[in-house]
Every structure is written in C-alpha cells, then in structure tokens.
Undergrad: 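Once you've had a glance at the structure underneath, I'll fire off some questions.
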Amino acid sequence: MDSQELLSLCRRRGFLWPAYDIYGGFAGFYDYGPLGAALKSNIEEHWRRLYVHEEGFQELVCPLIAPEPVFEASGHLDAFADMYVECEGCGETHRADHLAAGMHDNPASLSEEELGKLLGDNGVKCPSCGGALTPPRRFNLMFKTPVGAGSAKPGYLRPETAQGMFVNFSQVYRYGREKLPVGAVQIGRAFRNEISPRQGLLRLREFSLMEAEVFFHPERKTWPRYDRVKDEKLPLLPDGGSVGEMSLSDAVGKGVIANEALAYFIWLTLRFASEIGLDRRRVRFRQHARDEMAHYASDCWDFEAETGYGWVELVGVADRGCYDVQAHLRHSGADLTAFEPFDEPREATEEVVRPRFDVMGKLFKGRTKAIAEELSKLSPEEVRGTEEVGVVVGDEVFKVPSSCFEVASATRKVAGEKFVPHVIEPAYGVDRILYCLLEHAYRKDGDYVTLSLKGSVAPIKAGVFPLMARDGLDGVAMEIRETLAVAGIAAYFDDAGSIGRRYARMDEVGTPCCVTIDYQTKEDGTVTLRDRDTKEQKRVEGERVAAAVAEAVARSSPAASGGGM
RNA sequence: GCGGCUGUAGUCUAGCGGUUAGGACUGAAGCUUCCCAAGCUUUAAGCCCGGGUUCGAAUCCCGGCAGCCGCACCA
C-alpha cells in the first residue's frame, strides 16, 4: 500500500498532520486531529484495561522533566549520546566510535578527548575521501532545559517514561503490599532529539509511550496467569533462526524465551495487538541479537509489524535484570530493595566489637555513650591485636584502650534477605502502533476506501443519518444521536449529500456501523442498521438502537475478558 | 548530518519566462421520497518561505524550511 495515500487520508479526514504547518512545519512533530486523538485515546484505554484493570498494574503519572542525577544514574547522560567526527574535506559525518572499532575494547566508553587521541594515534582518515577529521563531538539525544532562574539546575525532557517508575520502586512495592511480582505502568510523552526524523509517525522527536515495569524476585520470573495461556502460539523469530509458531511453554522449555514472565508479556502484547486490530499475519516477535541488546539486558524481543516501510518495531519486551534499580540505588543511596522473609528465621553468628561500659564509664564519664556508639561501628579486624584505638566523636579524638572493648560473637536473628528486584519491561510506542493500525485497516476497492478498524478503537462508533433532511426525519435522527451519546457511544450526525456519500464518509474513517432513519421509521418506529464491512442492513426497533449499536461495535471487537487470539 | 529527487486550494493534478494560474474530487449553501461517493444550481479555497536575475518568475538561480529515497543514526 502507498503510505502517501494513507497520510493524505489522515490529513483530509482529521486524523493527523505535520505540526506547525503554517510556519513551514517542524520535522519530527505531529498534530493529532479529532479522529486521531480519539483513536489514540481508545488505543491507550484498551491498553490500560489490560495492564491496569486485568493484570493489576499500578498506573503512575510522573513529570516529563527530570533532574540531571536521574540520567547520570540511568546512563542516558553518557550513553544516550553519539560521538561524531566530521570530515574537513568532504563534510561527511561518521560515528567516531565506529571508526575506532578494533583499536579499543569499548570505544563508546571513552571521552571525546580520549577517542580523539585514539583516532589520531592510529592515523584514522575519512573513510569516504581520506580527508582529515575534526575532533569527536558528542551529540546527546536528550533535550536539555534549565530549571529555575539564576544558577539554574539542568533538567532533561525524559527520553522514556521508565525512569519515573524505577525511582518510585519503593512506593510501588509498598502500595503493592510488599509482594513480588509487582508492576507499574505509565502512559505519556517522551522526547528524543532525533538527528533525522523520518517516515511520519515512525520517528518522532516527541512521542507517546505506554510502558510497564514489572519487578521480580531474580529467581522467580513468572506471572500468575502464565499457566492459563502457556499453550497459546506465538509467531517467533529467534536470533539466528526463522519465523515459526511456538507455544509459550515450548519456547520457555527449549530456552528460546528466557523465562515464563517474559513469555507471558510477549503473549499479552500479541493479545493487545490482536484486540486493537493489527493483522495477525503481519506481525512477529524478533529476538535481539546478542550484540544488538543493551549491555544490561539478558533477553529482548521486539514486536514488529509489517508496513509499507518494512518491518517496524512497535513494542520492546526486555528482561533488564537488576540494572536500572541497582543504578538508582547506588546513585541516590536510597534503599531500593525488596525483602523476602525466610521460611524459618535464621540465626546468623558474627563477630562484633562490644564496648565494656563498666570500664569506659570510669574513663570517659558523660561521653561514654557517644564513644561506645562509634566503637561499635568498627569491624573486628580493625581492632584485633591493637593496644589502643582512636575514635572520633564530633571534633574530638579519643584514645580508647583495648580494655574498653572485647571482640565477641553475637547471634542475630535474620528474618529474611534484601535484594534488588529484576525488571521486565514491555514498552509500547503509541504513535507507531496507531500508524500501523491504520495501515492494517486500510482496504481499497477501486477508488473506494474503507478503514476496517475494530469497534474497540474506532473514533466514531456510529453514523446517524436521516435519509432526507426533511419531513421530520432529521429531528428523529438528532434524537437518536443524542440517545447514543448519552449511552456513551460516540455517534456522528450527518444530513448532507446523498446517503451513499454519507456511508462512504463513515467507511473512510473506520466507523463500524450506521443508523439510518427513513420514511418507514415514521410508520413503525424502526431504523436500519448498516454494517461497514458487509454493507448489510437490518431493521431494528428504535428503542433498541443503543443496544443494537453496542452489539454491532462489540462484534467487531473482542470479548472484554477474552483470552484467546 | 551527507547525497539525489520534489514542493501549485483540504486532496490529486495542468502549467515549461508573458492575459484574470486551469481542471477533478472534497467542503459549504440550495433543489430533488435519495439506502450505498447519483443528478442539477450556486459558492469557498492554491503557486512552501526569503532573496536574486528579468520589462515581466509558479516557471530560471541562490539560501532556508518541509517531504520522499539512499547512507548514517535508532542508547
């Protein structure tokens, strides 16, 4: 299909268009119009239904701007940047770390200066023309903005919503009654200063993400509902293999997918995709190659859809290990751990420095308590065999003779252990999903275009038309539209042009059914209900119209709690 | 960021240095008992932006912006 045709429809009918058009446009930014906004919101609402309502994830709304330390910890400040050199001869730019491949174990980890020296020492020239190269220049893909006036602190627009959930692990864990696994989600905007945005909605500088972070005990990566779906089939493209259908349990059993939890969220992604209307025959899960994966991930699967642009990544489901939480724990000093009680409390015996208050009291009088406290913090190794130990309390240094303490073994009851949780992250790109949905729904018969959107996501659920805008038919139609609106069904009144033209307008924006009021309505109160995909019509009682429309919409949608594909 | 191609109403397009930029579809108003983009009347809407060449520029040249394709990039 021709993506230009689809984009033209999107603009014509009010789905979306390039932003700031009257000022010449702004690459990488798009506006959603009334239909696009409704479609986007329906997609997000369906996702929320699955993750928040069914699976019990906690939804958070975190700020779009975060202070610098967050991204120092996450690694975005260093790693979410590319180093470039430019050729002084031909002007071509090259990835500096790529040019240094083979000269260093990990060129990307070097500073600009170090990398520049490395390239210079090895006499690297422009691969295109052999010209001299500029020193490496760093281009960070995050948008930076000062926060506050004066000596403002640097802030960054978030490049993903994930960090907001990692830094809030303790709140999520506590709200979840201190049980694992526990999950948080966030739906919202993220920003990346792409060097070259392309392909419409597929590479934006400002875009929407739906991300979930599921926190696990490192050795128990499964999910309560896994057993229910373990025999379902997944279209998998394993690293180094070819596409094939495989059940979850086979994939986990054969080690194709690293664990049950990862398999479950891969399946949930397929369920979501299918329920909003992506074509099951044009999607697959592609496993990242070892060298493609972020260094901290242990397994990662991209959910891809086939489009006019080729296979496009819509969702990434990755096992990120303990990397993110660990990073914030170290960087912030906060205790971002989970606690697991042992079946039986254990007794741990360890050696400690125990102050002898009877001896100390005489020597240090009123300072005894403070000195003893400091003394207890020392390890047995530090005091063993010494005659005297220096202890600092405030500004004072006290010389404490060894008679004041002893090294004794103490028995402590340990109820359980603390650990840094592992994270599995399903991350969905809303704009890409929306675009692919439109492509997969696009049907063309001659010049006649129909968007075969699922009722669950269709921006308008029903068109309501008087056959003629006269003889009171229009009044009846307006009442019916209002009845539908009150019942929560997005309905669109149209009395302009021929009836065929009005059906065509609705077909082109993916409206699943239309209600038409004709002269028979005046006689027996029935209206016709017309189906978008079959073009079939049937008469229904006027009083039943809301229920009948709801049924028709549901027919082109999956059952609310349906687990099957 | 580099190279190639391209930019005319909401959409698709005619134009090739010289009248008032033409058409189709769409939109709006109206007529027509009108169930699948029907017909008729009326009507709105355009040369991406900025410089230059020229008596005269949608047209030629330069720059910018945007789009498409390829390269690069996509933690």
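All chains are named by letter (A, B, ...) in the order of the sequence lines, taking the proteins before the strands, and each is independently numbered beginning at 1.
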Undergrad: Verify, without hydrogens or angle tests, whether Asn193(A) (side chain) and Leu141(A) (backbone) share a donor-acceptor contact under 3.5 angstrom.
TA: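 Not a single qualifying donor-acceptor pair exists.
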
Undergrad: Whole angstrom is fine here: how far is it from NE2 in His288(A) over to P in C74(B)?
TA: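 That distance rounds to 12 Å.
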
Undergrad: Name the pairs: protein N/O against N/O of nucleotides 62-67 of chain B, kept only if under 3.5 Å.
TA:
{"unit_1": "C65(B)", "atom_1": "O2'", "unit_2": "Gly24(A)", "atom_2": "O", "d": "2.8"}
{"unit_1": "A66(B)", "atom_1": "OP1", "unit_2": "Ala27(A)", "atom_2": "N", "d": "3.2"}
{"unit_1": "A66(B)", "atom_1": "O4'", "unit_2": "Gly24(A)", "atom_2": "O", "d": "3.4"}

Undergrad: Got a salt bridge between Asp533(A) and Arg555(A), using NZ or NE/NH1/NH2 to carboxylate O under 4.0 Å?
TA: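 A salt bridge is absent here (no side-chain N lies under 4.0 Å from a carboxylate O).
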
Undergrad: I'd like a table of atom pairs between the protein and nucleotides 30-39 of chain B - only N or O on both sides, under 3.5 Å - with the distance next to each one.
TA:
{"unit_1": "U32(B)", "atom_1": "OP2", "unit_2": "Arg470(A)", "atom_2": "NH1", "d": "3.3"}
{"unit_1": "U33(B)", "atom_1": "OP2", "unit_2": "Arg470(A)", "atom_2": "NH1", "d": "2.8"}
{"unit_1": "C34(B)", "atom_1": "O2", "unit_2": "Ile499(A)", "atom_2": "N", "d": "3.1"}
{"unit_1": "C35(B)", "atom_1": "O2", "unit_2": "Tyr503(A)", "atom_2": "OH", "d": "2.8"}
{"unit_1": "C35(B)", "atom_1": "O2", "unit_2": "Gln537(A)", "atom_2": "OE1", "d": "3.0"}
{"unit_1": "C35(B)", "atom_1": "O2", "unit_2": "Gln537(A)", "atom_2": "NE2", "d": "2.3"}
{"unit_1": "C35(B)", "atom_1": "N3", "unit_2": "Thr528(A)", "atom_2": "OG1", "d": "3.4"}
{"unit_1": "C35(B)", "atom_1": "N3", "unit_2": "Gln537(A)", "atom_2": "OE1", "d": "3.4"}
{"unit_1": "C35(B)", "atom_1": "N4", "unit_2": "Asp518(A)", "atom_2": "OD2", "d": "2.8"}
{"unit_1": "C35(B)", "atom_1": "N4", "unit_2": "Thr528(A)", "atom_2": "OG1", "d": "3.4"}
{"unit_1": "C36(B)", "atom_1": "O2", "unit_2": "Arg530(A)", "atom_2": "NH2", "d": "3.0"}
{"unit_1": "C36(B)", "atom_1": "N3", "unit_2": "Arg530(A)", "atom_2": "NE", "d": "2.9"}
{"unit_1": "C36(B)", "atom_1": "N3", "unit_2": "Arg530(A)", "atom_2": "NH2", "d": "3.3"}
{"unit_1": "C36(B)", "atom_1": "N4", "unit_2": "Arg530(A)", "atom_2": "NE", "d": "3.4"}
{"unit_1": "C36(B)", "atom_1": "N4", "unit_2": "Lys535(A)", "atom_2": "O", "d": "2.9"}
{"unit_1": "C36(B)", "atom_1": "N4", "unit_2": "Gln537(A)", "atom_2": "NE2", "d": "3.0"}
{"unit_1": "A38(B)", "atom_1": "OP1", "unit_2": "Arg501(A)", "atom_2": "NH2", "d": "3.0"}
{"unit_1": "A38(B)", "atom_1": "OP2", "unit_2": "Ser498(A)", "atom_2": "OG", "d": "3.0"}
{"unit_1": "A38(B)", "atom_1": "OP2", "unit_2": "Arg501(A)", "atom_2": "NE", "d": "3.4"}
{"unit_1": "A38(B)", "atom_1": "OP2", "unit_2": "Arg501(A)", "atom_2": "NH2", "d": "3.1"}

Undergrad: Using atom P of each nucleotide, how far apart are C68(B) and G30(B) to the nearest Å?
TA: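 About 40 Å, rounded to a whole number of Å.
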
Undergrad: How many whole angstroms separate atom CG of Asp21(A) from atom P of A9(B)?
TA: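 It works out to 11 Å between those atoms.
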
Undergrad: Would the Tyr428(A) and Trp47(A) ring centres measure less than 6.0 Å apart?
TA: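 Yes, the ring centres sit under 6.0 Å apart.
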
Undergrad: Measure the distance from CZ on Arg432(A) to C1' on C74(B) and round it to the nearest whole Å.
TA: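 Distance, rounded to whole Å: 8 Å.
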
Undergrad: Say you pick atom C1' in U13(B) and the same atom in C47(B); how far apart are they, in whole Å?
TA: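 My reading of the C1' atoms in U13(B) and C47(B) gives 13 Å.
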
Undergrad: Between atom OH in Tyr309(A) and atom C1' in C69(B), what is the gap in whole Å?
TA: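 After rounding, the gap between these two atoms is 11 Å.
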
Undergrad: Step by step, work out the side-chain hydrogen bond (donor to acceptor under 3.5 Å, both in side chains) result for Glu211(A) and Thr161(A).
TA: CA-CA 7 Å; Glu211(A) 292 189 295; Thr161(A) 70; 2.5 Å; yes

Undergrad: Output the rounded distance in Å from CZ (Arg11(A)) to P (G10(B)).
TA: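 Answer to the nearest Å: 8 Å.
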
Undergrad: Flag the pair Asp299(A) and Arg320(A) as a salt bridge only when some basic side-chain nitrogen lies within less than 4.0 angstrom of an acidic carboxylate oxygen.
TA: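 Here Asp299(A) does not pair with Arg320(A) in a salt bridge, since their nearest N and O are not under 4.0 Å apart.
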
Undergrad: Suppose we define a pair by two distances each less than 3.5 Å, Watson-Crick or G-U wobble; what does U19(B) pair with here?
TA: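 When the pairing criteria are applied, nothing turns out to pair with U19(B), so the answer is none.
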
Undergrad: Counting only Watson-Crick or G-U wobble pairs whose two distances fall under 3.5 Å, which nucleotide matches C25(B)?
TA: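 Across all strands, the one nucleotide that pairs with C25(B) is G10(B).
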
Undergrad: Between Asp474(A) and Arg481(A) (salt bridge meaning N to carboxylate O under 4.0 Å), is one present in this structure?
TA: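 Answer for the salt bridge query: no.
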
Undergrad: Checking Tyr23(A) against Tyr20(A) for the ring-ring contact (aromatic ring centres under 6.0 Å, His included) test, could you report, in this order, the C-alpha distance in whole Å, the side-chain angles of both residues, the deciding distance, and whether it holds?
TA: CA-CA 6 Å; Tyr23(A) 287 104; Tyr20(A) 307 110; 7.9 Å; no

Undergrad: Please give the nucleotide sitting opposite G3(B) as a Watson-Crick or G-U wobble pair, both distances under 3.5 Å, or none.
TA: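 When the pairing criteria are applied, C69(B) turns out to be the nucleotide that pairs with G3(B).
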
Undergrad: If G30(B) has a Watson-Crick or G-U wobble mate with both distances under 3.5 Å, name it; if not, just say none.
TA: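 For G30(B), the partner nucleotide comes out as C40(B), under the 3.5 Å rule.
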
Undergrad: Is a donor on one side and an acceptor on the other found under 3.5 Å between the side chain of Arg158(A) and the backbone of Ile65(A)?
TA: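 No; zero donor-acceptor contacts below 3.5 Å.
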
Undergrad: Would you mind pulling out the nucleotide paired to G50(B), Watson-Crick or G-U wobble, both distances under 3.5 Å?
TA: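 Checking every strand shown, G50(B) finds its partner in C62(B), with both distances under 3.5 Å.
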
Undergrad: Roughly how many Å is it from CG in Leu9(A) to C1' in C12(B), rounded to a whole number?
TA: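 Distance, rounded to whole Å: 13 Å.
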
Undergrad: Give me the distance, rounded to whole Å, that separates C16(B) from G22(B) when you measure between the C1' atoms they each carry.
TA: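 About 15 Å, rounded to a whole number of Å.
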
Undergrad: Is Arg544(A) paired with Glu551(A) through a side-chain N to carboxylate O contact shorter than 4.0 Å?
TA: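 Between Arg544(A) and Glu551(A) there is a salt bridge, with a charged N closer than 4.0 Å to a carboxylate O.
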
Undergrad: May I have the distance from Asn140(A) (atom CG) to A75(B) (atom P), rounded to whole angstrom?
TA: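 Whole-Å distance recorded here is 13 Å.
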
Undergrad: Between U11(B), A75(B), C68(B), which nucleotide has the shortest distance from any of its atoms to the side chain of Ser8(A)?
TA: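 Of the candidates, U11(B) comes closest.
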
Undergrad: Over how many whole Å does the gap from Trp17(A) atom CH2 to C48(B) atom C1' extend?
TA: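 Checked: the CH2 to C1' distance equals 19 Å.
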
Undergrad: Could you tell me which residues satisfy side chain to side chain donor-acceptor pair (under 3.5 Å) with Trp311(A), sequence neighbours excluded, listed by chain and number?
TA: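 None.
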
Undergrad: Say we look at A37(B) and A21(B): how far apart would their C1' atoms be, to the nearest angstrom?
TA: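 About 28 Å, rounded to a whole number of Å.
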
